[in-house]
Novice: 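I am attaching a structure below and will ask some questions about it afterwards.
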Amino acid sequence: MNLIVDVGNTFMKLAVFQRQKLMFESRIEEKNFLKEITKIFKKYPDISHAIVSSVSKCPEEDIKALSVFCKVHLLTNNSIVPFQSKYTTPKTLGMDRVALVTAAFYNHTSDNTLIIDAGTCITYDFINEDSEYLGGAISPGIQMRFKALNEFTARLPLIETSESVSLIGNSTESSIASGVLNGVAMEIDGIIDEYQKKFKDLTVILTGGDSHFLSKRLKNTIFANPKILLEGLNYILELNKDE
């Protein structure tokens with residue numbers, strides 16, 4: 001069994017896989033890491049390997065604590081991956097994006113695949129039918145856009161995501177919601193349209209914290225998969241167990 005540790009900007013995600021089957025997942029604050037993994041190893045004593053992926057620097061004490069329980073692989077740009085990367089700055093490529101492309105490689109082999117991760121940032125990553133990762137794009141996520149409007153202006157309020165969004169806002173709050181939420185949906189649809197013009201038989205995967213909200217608002221056909229990042233990390237761990 002494998003343990004997946006995904007360290008995000010705000011929370012840690014933990015998952016347990018038995019081969020390719022997801023058995024358990026949770027989201028915790030970093031301060032609760034040791035307490036949570038102790039519970040996990042009591043429940044799943046057959047865990048033999050773990051992978052740690054971080055968008056920032058993972059605390060060394062957490063890695064040391066995890067190493068007491070099992071063998072740990074820290075995901076870096078030197079880790080083995082199944083695709084050929086054409087990215088010109090691999091050392092700055094986020095490990096979350098590497099994991100997403102890995103999952104796309106295994107789940108949609110020989111497809112032109114665009115993976116869209118709608119989280120803190122919105123990332124676009126493209127792997128072609130020849131298993132070449134070409135790169136993609138990064139833009140601000142929904143909450144980042146709301147915060148930017150509040151922080152870089154004198155009077156615009158900080159609002160939250162709303163399920164009901166009009167095209168024409170009739171108040172300051174609804175105008176912000178329209179601009180940000182409709183803007184993000186139209187941005188994503190527009191980028192998908194451009195990829196479809198360039199690459200035939202395009203598969204589009206949407207994931208991330210805002211994927212549920214956005215999936216109902218996109219005109220293009222997409223596959224929503226909230227677990228794809230965890231799946232990708234599990235695939236990478238399997239490739240690197242002997243390293």
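Computed from a predicted model, the values in this text were never measured in an experiment.
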Novice: Before accepting this row, confirm whether a basic side-chain N of the pair Lys200/Glu129 lies closer than 4.0 Å to the acidic partner's carboxylate O.
Specialist: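 Answer for the salt bridge query: no.
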
Novice: Grab the two heavy atoms, one from Leu156 and one from Asn150, that are nearest each other, plus how far apart they are.
Specialist: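 Heavy atoms of Leu156 and Asn150 come nearest at O-ND2, 2.9 Å.
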
Novice: Apply the test side-chain hydrogen bond (donor to acceptor under 3.5 Å, both in side chains) to residues Lys241 and Asn2: give CA-CA distance (whole Å), side-chain angles for both, the deciding distance (0.1 Å), then the verdict.
Specialist: CA-CA 10 Å; Lys241 278 186 174 180; Asn2 294 333; 3.0 Å; yes

Novice: Could you go step by step and tell me if Thr92 and Thr89 meet the side-chain hydrogen bond (donor to acceptor under 3.5 Å, both in side chains) rule?
Specialist: CA-CA 6 Å; Thr92 63; Thr89 57; 3.0 Å; yes

Novice: Does CD belonging to Glu163 count more than 12 external heavy atoms closer than 6.0 Å?
Specialist: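 Result for CD/Glu163: enclosed.
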
Novice: Would Arg217 and Phe213 count as a cation-pi pair here, with the cationic atom under 6.0 angstrom from the ring centre and within 45° of the axis?
Specialist: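 Yes, cation above the ring, under 6.0 Å and within 45°.
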
Novice: Return the minimal non-hydrogen interatomic distance between Ile192 and Leu202, and the atom names on each side.
Specialist: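 Residues Ile192 and Leu202, closest heavy atoms: O-CD2, 4.2 Å.
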
Novice: Take Asn128 and Asn112 through the test side-chain hydrogen bond (donor to acceptor under 3.5 Å, both in side chains) and record every step on the way to the result.
Specialist: CA-CA 4 Å; Asn128 67 19; Asn112 289 315; 5.6 Å; no

Novice: Shortest non-hydrogen contact from Ser178 to Gly169?
Specialist: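 Reported closest heavy-atom pair: CB-N, 4.5 Å.
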
Novice: Are any of the side-chain heavy atoms of Tyr133 and Asp125 separated by less than 4.5 Å?
Specialist: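 Of all side-chain heavy-atom pairs linking Asp125 with Tyr133, at least one is under 4.5 Å.
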
Novice: Can you check whether Ile122's main-chain N or O pairs, donor with acceptor, with Asp117's side chain at less than 3.5 Å?
Specialist: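 Looks like no, no N/O pair under 3.5 Å.
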
Novice: Tell me whether the rings of Tyr44 and Phe24 are parallel (<30°), tilted (30 to 60°) or perpendicular (>60°).
Specialist: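 Because their plane-to-plane angle lies in the 30° to 60° range, the rings of Tyr44 and Phe24 count as tilted.
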
Novice: Under 4.5 Å between any side-chain heavy atoms of Lys13 and Val5, yes or no?
Specialist: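 SC-SC contact between Lys13 and Val5 ruled out.
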
Novice: Is it true that, when you exclude Phe223 itself, more than 12 heavy atoms of the residues, nucleotides or ligands shown sit nearer than 6.0 Å to its CZ?
Specialist: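 Check fails, neighbour count at 12 or below.
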
Novice: Keeping the roles fixed (side chain from Thr207, backbone from Asn225), state whether a donor-acceptor pair exists under 3.5 Å.
Specialist: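 Yes; judged by distance alone, with no hydrogens or angles, the pair exists.
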
Novice: So, for Pro157 and Thr172, which heavy atoms are closest and what is the spacing to 0.1 Å?
Specialist: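 Taking Pro157 first and Thr172 second, the nearest heavy atoms are CD-CG2, 3.9 Å.
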
Novice: Is the shortest distance from a Lys or Arg side-chain nitrogen in Lys64 or Glu61 to a carboxylate oxygen in the other one below 4.0 Å?
Specialist: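 No salt bridge links Lys64 with Glu61.
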
Novice: Run the ring-ring contact (aromatic ring centres under 6.0 Å, His included) test on Tyr235 and Tyr106 for me, step by step, so that the C-alpha distance in whole Å, both residues' side-chain angles and the decisive distance to 0.1 Å come before the verdict.
Specialist: CA-CA 8 Å; Tyr235 284 125; Tyr106 283 109; 4.3 Å; yes

Novice: Give a yes or no on whether Lys147 atom NZ has more than 12 heavy-atom contacts from other residues, nucleotides or ligands under 6.0 Å away.
Specialist: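 No, NZ of Lys147 has 12 or fewer neighbouring heavy atoms, counting only those of other groups under 6.0 Å.
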
Novice: Any idea which heavy atoms bring Gly232 and Thr102 closest together, and the distance?
Specialist: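 Reported closest heavy-atom pair: O-CG2, 3.9 Å.
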
Novice: Suppose we call two aromatic rings close when their centres sit under 6.0 Å apart. Are Tyr195 and Tyr124 close by that rule?
Specialist: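 Ring centres of Tyr124 and Tyr195 not closer than 6.0 Å.
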
Novice: Which atom pair, heavy atoms only, marks the closest approach of Ala50 to Leu237?
Specialist: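 That would be O-CD1, 3.7 Å.
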
Novice: Leu100, Leu206: one ILVMFWY side-chain cluster at the under-4.5 Å cut-off?
Specialist: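 Each belongs to a different hydrophobic cluster.
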
Novice: If you apply the rule side-chain contact (heavy atoms from CB on, under 4.5 Å), what do you find for Asp201 with Asp111, and how did you get there?
Specialist: CA-CA 7 Å; Asp201 301 323; Asp111 289 350; over 6 Å; no

Novice: Does Asn234 use its side chain to pair, donor to acceptor, with the backbone of Leu230 at less than 3.5 Å?
Specialist: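 Looks like no, no N/O pair under 3.5 Å.
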
Novice: Decide yes or no on side-chain contact (heavy atoms from CB on, under 4.5 Å) for Leu214 and Ile188, but give the supporting numbers first.
Specialist: CA-CA 9 Å; Leu214 289 168; Ile188 293 174; 3.8 Å; yes

Novice: Can you tell me if Ser162 uses its side chain to pair, donor with acceptor, with the backbone of Ser164 under 3.5 Å?
Specialist: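 Yes; at least one donor-acceptor contact below 3.5 Å.
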
Novice: Please verify the inter-ring angle class for Phe41 with Phe69; under 30° counts as parallel, over 60° as perpendicular, anything in between as tilted.
Specialist: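 Correct class here is parallel.
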
Novice: Check the pair Glu194 / Ile191 against side-chain contact (heavy atoms from CB on, under 4.5 Å), numbers first and verdict last.
Specialist: CA-CA 5 Å; Glu194 292 304 308; Ile191 288 179; 5.7 Å; no

Novice: Is there a path of hydrophobic side-chain contacts, each under 4.5 Å between heavy atoms, that joins Ile127 and Ile116?
Specialist: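 No, Ile127 does not connect to Ile116 through the hydrophobic network.
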
Novice: Between Glu187 and Arg145, is there a salt bridge with N-O shorter than 4.0 Å?
Specialist: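 Salt bridge flag = yes for Glu187 with Arg145.
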
Novice: Verify, without hydrogens or angle tests, whether Ser171 (side chain) and Ser174 (backbone) share a donor-acceptor contact under 3.5 angstrom.
Specialist: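 It does hold such a pair.
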
